[in-house]
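Worksheet for the structure shown next.
Values reported hereafter were calculated over all heavy atoms of this structure, with side chains retained and with hydrogens, waters and symmetry mates removed. Chain letters run A, B, ... following the sequence lines, proteins first, then strands; residues in each count from 1.
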Number of protein chains: 2
Amino acid sequence: MQHPAAEHDLRDPHGPYDPYQPPPKATTLAEVARHAGVSPSTVSCVINGKRNISPPTRLRVQAAIDELGYLPHAGARALASSKSRIVALAVPLRADLYVPAMMQIAIAVTTAARRHDHDVLLITNHEGPEGIRRVAGTGLADAVILMDVELHDERIAVLRELGVAASLIGLPADPEGLPCVDLDFAAAGALAADHLADLGHRQVAFIGMGEGVYRRRTGFAERTRSGFEDRCRERGLRAIHRPCDSTYDGAAGVLARVFEDRPGTTALVVQNEAMIGPLLGLLRSSGREVPQDVSVLAIGPDEPAARQSSPRLTSIGLPAHDLGHRAVELVLGENAGEPGVIMLPPRLAVWESTAEPPGG
Amino acid sequence: MQHPAAEHDLRDPHGPYDPYQPPPKATTLAEVARHAGVSPSTVSCVINGKRNISPPTRLRVQAAIDELGYLPHAGARALASSKSRIVALAVPLRADLYVPAMMQIAIAVTTAARRHDHDVLLITNHEGPEGIRRVAGTGLADAVILMDVELHDERIAVLRELGVAASLIGLPADPEGLPCVDLDFAAAGALAADHLADLGHRQVAFIGMGEGVYRRRTGFAERTRSGFEDRCRERGLRAIHRPCDSTYDGAAGVLARVFEDRPGTTALVVQNEAMIGPLLGLLRSSGREVPQDVSVLAIGPDEPAARQSSPRLTSIGLPAHDLGHRAVELVLGENAGEPGVIMLPPRLAVWESTAEPPGG
DNA sequence: TTGTATGCGTTATCAT
DNA sequence: ATGATAACGCATACAA
């Protein structure tokens, strides 16, 4: 009765396409064993590589598996081994975050997880921290990866309480006991300052994320800013910082204020990737050529996007791929669980949007 | 031995934070039953609402569940019920697709699935169609949702072969037997033509997706185009169509060619959402005001983005939320599996980027 | 190197 | 309205 329609599946060749094909009920490990003339445990071990199987039997078993198109039942495996081979990925819902980067990280996590023979379950903040409790508590997932970690993230307490394997993409205030990976935003800020200083700029502006980002999760935004400002001080650069919301008008306002307050500004460092396009457009229409009149350096965009704009952007990209892969490695890899903080070094890609300052 | 570290978990108060808390081994249904003084089957039925339970016992059981913090083991459930309560979401990897929309749909699918007490498993095209075979064959997922469906999508054959519950976001050439949901792009094209005709435009240009999109998956792009062109003909509009790759320089080239070939063009319909920003910038810097000199109508952006640009865009948004929810409904809802094609009606949001043609 | 037997935690089919 | 019990399909400790 699992497939009610099978009852009147009389294979009437006239009727329209009948979606209810009698689903070839899955073959089981026991059937494979019989087919290969071995015991169930042997088949199991062939599949999981748990013990030395003589080449001849291994071959017979493998043949049977292929022939019958056998696929082990995930639920049964999870029950018997108490391992679901699923890692939960907690994604944010925030509107003020750069979505393409999130997606890239999610995809990187998924492909990396597959390499470790795991699948990825999506959980959203919609469920709140309880979502984590649920997937871990039911044994649905045996590892959790947190994206977009805030400085004081309420999900972290749940992770600690449950003692579930986990890794964080982002750096919380207290990473104690939890492996983390993030771009070293402080170093990125410093690197940006260095690049501009090297080119001879003396007065620069940092156009940051929206104010809400600073209020809530001062993490990466704050680190970038201070890394940048510290290095500016060391190199004798005059720097100002302006938060920038993700709207065209917001960007326009910020840009106007920057050149009003500091007319001598010759370079912009932009962290709000969503606003890079608008800013370039605004600069152009206000008669400032990039990079002849003003240099632009982006922090955090995905690299393909940076290379698609015009002029091609000098930028410190967000290593979405690495972030995802490392997060998986941290939670499923060799020394999984080793609490440690991995700060990925920023890489500066110099293209066309930065140059010496005018008259520099 | 499941948690080797427990051996040397001597609760040394000196040592640093020890991540290996003896994980409170999950309580089982049997324990709940004992705690409540009922049989396991009763507990099971309370949880699944499978039979009439007297209010008093239901309460006792519920109390026991809460008290023990019981969470049913997902694997055991899946094994016993042969239902995983997981729906697999097959996401594309393509670079030429609008990522924010994909992410929005994925999130909509996830929240909708939760409403039906299901979780969402991510599978990428990285695995190819075999990924679907795997998750369905192992019983990991008992339903599959395909995103970014191509006209002749190889994944569809797998779905039919397996007879797995499925729904498609997008419209393939032959949807026979598979429930689909998509924006009615033909109607969207027609609606765009109507709006411009109503405003008095006589010569318009359709700036489409990259050529690769047309070659591969002529689906939505082709439907939009023909819906637009047909209606233009009916309304006496002169229309041209130009594909447009997702690069700034590509957009610049296309725009230049359009006004070269048809200097009298007074309106642009843009389907490549990623290029809307650049196009607006290009128009501005080429001295054309929007909408005074040229109207711009976007097809397919997410609505928040359309309202953030400047001028705010008149647009026919992609109903990401609806698409995701409907797809879930189609595969998990009341009359799940009913093969049917749902074409969501386009909604035109009129803002600031369209107006009467100059001198119109 | 391989086979046997038991248990994993739930659901579902019987009884009562 | 509730209880006993047999699957569910696999992994694994143990025996051979």
Is it true that B:Glu329 and B:Arg326 have a side-chain N and a carboxylate O under 4.0 angstrom from each other? no
With a 4.5 Å heavy-atom cut-off, do B:Val149 and B:Leu171 have their side chains touching? no
With a 4.5 Å limit on heavy-atom distance, are the side chains of A:Leu159 and A:Leu146 in contact? yes
Residues forming a ring pair (Phe, Tyr, Trp, His ring centres under 6.0 Å) with A:His118, sequence neighbours excluded: none
Report which part of the nucleic acid A:Ser44 touches: base, sugar-phosphate, or nothing (heavy-atom distance under 4.0 Å, all strands). base
How do A:Gly37 and B:Pro40 order along DNA chain C: which one's closest nucleotide is nearer the 5' end? A:Gly37
Between A:Glu31 and A:Arg34, is there a salt bridge with N-O shorter than 4.0 Å? no
How would you label the contact of A:Val43 with the nucleic acid (heavy atoms, under 4.0 Å): base, sugar-phosphate, or nothing? nothing
Roughly, in whole Å, what's the span from CG in A:Leu29 to P in C:dT4? 14 Å
Considering heavy-atom distances to DNA chain C, does B:His73 or A:Ser41 have its closest nucleotide positioned more toward the 5' end? A:Ser41
What residues from residues 48-59 of chain A pass a heavy-atom cutoff of under 4.0 Å to DNA chain D? A:Asn48, A:Lys50, A:Arg51
Value in whole Å for how far the P atom of C:dG7 lies from CG of A:Leu79: 13 Å
Within less than 4.0 Å of OP1 or OP2 of C:dT11, is there a side-chain N or O belonging to B:Ser81? no
Tell me, which of residues 61-70 of chain B have any heavy atom that sits under 4.0 Å from an atom in DNA chain C? B:Tyr70
Would you say the side chain of A:Val181 lies within less than 4.5 Å of the side chain of A:Leu168, judging by non-hydrogen atoms? no
Establish, from distance only, whether the side-chain atoms of A:Arg58 and A:Asn52 form a donor-acceptor pair under 3.5 Å. no
Over the length of the helix from C:dT1-D:dA16 to C:dT16-D:dA1, how much do the five-pair end axes diverge, rounded to 10 degrees? 30°
Given A:Leu121 and A:Leu140, is the side chain to side chain contact (heavy atoms under 4.5 Å, CB included) satisfied, shown in steps? CA-CA 9 Å; A:Leu121 195 82; A:Leu140 224 194; 3.7 Å; yes
A:Ser41 versus A:Arg51, side-chain donor and acceptor atoms under 3.5 Å: yes
Segment of DNA chain D, first to last nucleotide, that comes within the 4.0 Å heavy-atom reach of chain B: D:dA1 to D:dG9
For the student: nearest non-hydrogen atoms of B:Leu330 and B:Ser167, plus distance: CB-CB, 3.9 Å
Should the pair A:Arg155-A:Glu150 be classified as a salt bridge under the 4.0 Å nitrogen-to-oxygen rule? no
Of all of residues 132-143 of chain B, which get a heavy atom below 4.0 angstrom from DNA chain D, listed by number? none
Going by atom types only, do A:Ser39 and A:Thr42 share a side-chain donor-acceptor pair under 3.5 Å? yes
Does B:Arg85 reach the side chain of B:Asp119, with side-chain heavy atoms less than 4.5 Å apart? no
Side chain proximity check, A:Val43 to A:Val46, heavy atoms < 4.5 angstrom: no
Check B:Gly75 against A:Ala78 and note the closest heavy-atom contact, atom names and distance. CA-CB, 4.1 Å
Side-chain touch A:Asp174/A:Ile156, heavy atoms, less than 4.5 angstrom: no
